[in-house]
Novice: 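Before anything else, here's the structure in question.
Residue numbers count from 1 along this sequence.
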Amino acid sequence: MSDLYTHIGVDKSDFVRHINELAASLPKKPKIKEIIMKEYNFQSVNQRKALILFVFLFALFFALIFGMISLKNIFNIYVTMIFSFGIPISIFLLNKKRIKENCNAKISEKNTEIEKEGKIHIINFEEIRSYKIETYNNSTGLNIKLKNNEKFCLNTNSNFGDTKNFENYCSDLETAIESYKKTHLIEIERVKTFFEKTWVFPFLIILTLIIIVFVIIIISKGKGFPTSLISALAPLLILWSGYFNAKNKKNN
């Protein structure tokens, strides 16, 4: 082994030191003792209120745009677009705070306690059948299914505020649940996220190859790079970004 270090021109002690420094710099999950009774403050999104608001705004947008187009003798295209976009956006901004719910949470060795809008929810780990933590497109969601088939869900989105505290809570909660599983030898299913499913990576590879082949065929015919394809590349890049983020999170 020493001959190998000499052959490649690397000092063994320096090599080992750099490896140790690199290992120390990698992010590590906190130990269970560091999590116990730690407090987390975050704001969740009320999914029911958010759905009602977005459906209303969606319907309002089309009602405004078609209504004002029918009155084209009164409103020109610029006024139509300003009102059609401006009014729904203004309503959204005015009602943004009503969708958010203030939450406080704690984690112990055997349960997590969540206070949401003054109501306290205590979830014992032994009562959990499965859980899923998913982060995608500036949104983080926690879904817990209990053995009595009750469900508990929390969601945050960066469009409604900072999501970092909730992400930390979800990460620490997963550590606590997995520690409880090992200590008490019970079965709690960790549901895979969309990007952790085995078929997603081959699907992304095939989709990417199809687009590459399509571009090569178009260019070989002398038509140049189709600018219309840029809009199609954006969703593909978002999918790849989500896949690598999920993979990095799992490795950490």
Side-chain angles (χ1 to χ4, degrees), residues 27-52 54 98-200 242-243 245-252:
K28 298 179 181 179
K29 284 193 174 184
K31 296 180 180 179
I32 188 65
K33 291 182 180 180
E34 299 173 0
I35 297 173
I36 300 304
M37 300 315 294
K38 180 180 174 182
E39 292 192 9
Y40 307 82
N41 301 306
F42 52 86
Q43 290 181 320
S44 67
V45 177
N46 187 306
Q47 295 294 299
R48 181 173 174 274
K49 291 181 179 179
L51 179 62
I52 292 173
F54 284 122
R98 298 183 180 182
I99 297 176
K100 296 186 291 186
E101 297 177 325
N102 294 319
C103 298
N104 299 303
K106 294 179 182 179
I107 300 174
S108 72
E109 293 182 351
K110 61 180 181 179
N111 62 39
T112 180
E113 179 181 308
I114 305 167
E115 181 183 354
K116 184 169 70 170
E117 295 296 309
K119 186 177 181 180
I120 297 177
H121 304 266
I122 298 177
I123 301 174
N124 296 315
F125 296 156
E126 65 178 359
E127 298 174 356
I128 296 177
R129 174 178 295 172
S130 64
Y131 73 96
K132 180 171 74 170
I133 298 170
E134 188 163 22
T135 299
Y136 174 65
N137 197 20
N138 301 322
S139 178
T140 300
L142 168 65
N143 295 279
I144 296 175
K145 186 175 183 180
L146 302 180
K147 293 178 180 178
N148 61 3
N149 290 326
E150 288 186 13
K151 295 181 180 180
F152 184 82
C153 303
L154 286 174
N155 294 274
T156 60
N157 190 293
S158 60
N159 293 317
F160 296 92
D162 184 31
T163 62
K164 189 64 179 177
N165 287 340
F166 182 65
E167 291 173 6
N168 291 337
Y169 166 72
C170 289
S171 177
D172 290 350
L173 179 62
E174 181 174 359
T175 300
I177 292 175
E178 294 301 317
S179 175
Y180 186 86
K181 282 172 58 177
K182 292 178 181 179
T183 302
H184 295 80
L185 301 177
I186 64 171
E187 185 66 27
I188 301 176
E189 181 187 3
R190 178 188 176 275
V191 180
K192 289 184 178 181
T193 66
F194 172 79
F195 291 104
E196 291 176 330
K197 294 179 180 178
T198 54
W199 61 268
V200 172
Y243 172 78
N245 285 337
K247 188 173 182 180
N248 290 334
K249 183 179 178 182
K250 184 179 180 181
N251 291 336
N252 291 337

Novice: Keeping Asn124 on the side-chain end and Glu126 on the backbone end, is there a donor-acceptor pair under 3.5 Å?
Specialist: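 Looks like no, no N/O pair under 3.5 Å.
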
Novice: For Val45, does its backbone N or O pair with a side-chain atom of Thr156 as donor and acceptor, under 3.5 Å?
Specialist: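 Answer holds: no.
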
Novice: Answer yes or no: does atom NZ of Lys164 have more than 12 heavy-atom neighbours from other residues, nucleotides or ligands under 6.0 Å?
Specialist: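 Result for NZ/Lys164: open.
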
Novice: Would you compute the distance between atom NZ of Lys132 and atom SG of Cys153 and round it to the nearest 0.5 angstrom?
Specialist: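 These two atoms lie 9.5 Å from each other.
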
Novice: Considering only heavy atoms from C-beta outward, does the side chain of Phe166 approach that of Asn155 to under 4.5 Å?
Specialist: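 A side-chain contact under 4.5 Å is absent here.
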
Novice: Examine the side chains of Asp172 and Thr175 and answer whether a donor and an acceptor come within less than 3.5 Å of each other.
Specialist: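 Note: Asp172 and Thr175 side chains miss the donor-acceptor criterion.
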
Novice: Got a donor-acceptor contact below 3.5 angstrom from the Asn165 side chain to the Asn41 backbone?
Specialist: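 Between the backbone of Asn41 and the side chain of Asn165 there is a qualifying donor-acceptor contact (under 3.5 Å).
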
Novice: Which distance, rounded to the nearest 0.5 Å, do you find between the CG of Leu142 and the CG of Leu173?
Specialist: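 One finds 6.0 Å between CG of Leu142 and CG of Leu173.
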
Novice: Could you tell me which residues satisfy ring pair (Phe, Tyr, Trp, His ring centres under 6.0 Å) with Tyr131, sequence neighbours excluded, listed by chain and number?
Specialist: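 Ring pair (Phe, Tyr, Trp, His ring centres under 6.0 Å) list for Tyr131, sorted by chain: empty.
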
Novice: Going by distance alone, is a donor N or O of one side chain under 3.5 Å from an acceptor N or O of the other, for Asn149 and Arg129?
Specialist: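 Indeed, the side chains of Asn149 and Arg129 share at least one donor-acceptor pair under 3.5 Å.
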
Novice: For the pair Glu39 and Lys106, find out whether any cationic side-chain nitrogen is under 4.0 Å from an anionic carboxylate oxygen.
Specialist: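 Looking at Glu39 and Lys106, the cut-off is met.
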
Novice: Could you check if a side-chain atom of Tyr180 sits within less than 4.5 angstrom of a side-chain atom of Ile128, using non-hydrogen atoms only?
Specialist: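 SC-SC contact between Tyr180 and Ile128 ruled out.
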
Novice: Could you measure the distance from the CG atom of Asn102 to the CD atom of Glu117? Nearest 0.5 Å is fine.
Specialist: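 The CD atom of Glu117 is 5.5 Å from CG of Asn102, to the nearest 0.5 Å.
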
Novice: Say you draw a straight line from CG of Asn168 to CZ of Phe42; how long is it, rounded to the nearest 0.5 Å?
Specialist: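 One finds 11.0 Å between CG of Asn168 and CZ of Phe42.
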
Novice: So which atom in Ser108 and which in Ala176 form the shortest heavy-atom distance, rounded to 0.1 Å?
Specialist: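 Result for this residue pair: O-CB, 4.4 Å.
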
Novice: For Lys116, check salt bridge (charged side-chain N to carboxylate O under 4.0 Å, His left out) against everything at least two apart and list the hits.
Specialist: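 Lys116 satisfies salt bridge (charged side-chain N to carboxylate O under 4.0 Å, His left out) with Glu101 only.
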
Novice: Taking all atoms of both residues into account, what is the closest heavy-atom pair of Lys119 and His121, and its distance?
Specialist: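 Taking Lys119 first and His121 second, the nearest heavy atoms are O-CD2, 3.5 Å.
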
Novice: Any side-chain heavy-atom pair from Phe125 and Ile186 closer than 4.5 angstrom?
Specialist: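 No, too far: nothing below the 4.5 Å cut-off.
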
Novice: What residue among Arg190, Glu167, Glu174 forms side-chain contact (heavy atoms from CB on, under 4.5 Å) with Ile133?
Specialist: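 Testing Ile133 for a side-chain contact (heavy atoms from CB on, under 4.5 Å) against Arg190, Glu167, Glu174 leaves exactly one candidate, Glu174.
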
Novice: Return the orientation label for the Tyr40 and Tyr169 ring planes: parallel under 30°, perpendicular over 60°, tilted otherwise.
Specialist: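 Geometry flag for Tyr169 against Tyr40: perpendicular rings.
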
Novice: To the closest 0.5 Å, what do you measure between CG (Leu146) and CD (Glu127)?
Specialist: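 CD of Glu127 is found 6.5 Å from CG of Leu146.
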
Novice: Please examine the side chains of Glu115 and Glu113, heavy atoms only from C-beta on, and report whether any two atoms are closer than 4.5 Å.
Specialist: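 No; the side chains remain at least 4.5 Å from each other.
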
Novice: CD1 of Ile177 to CD1 of Ile188: how many Å apart, nearest 0.5 Å?
Specialist: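 Separation between the atoms: 6.0 Å.
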
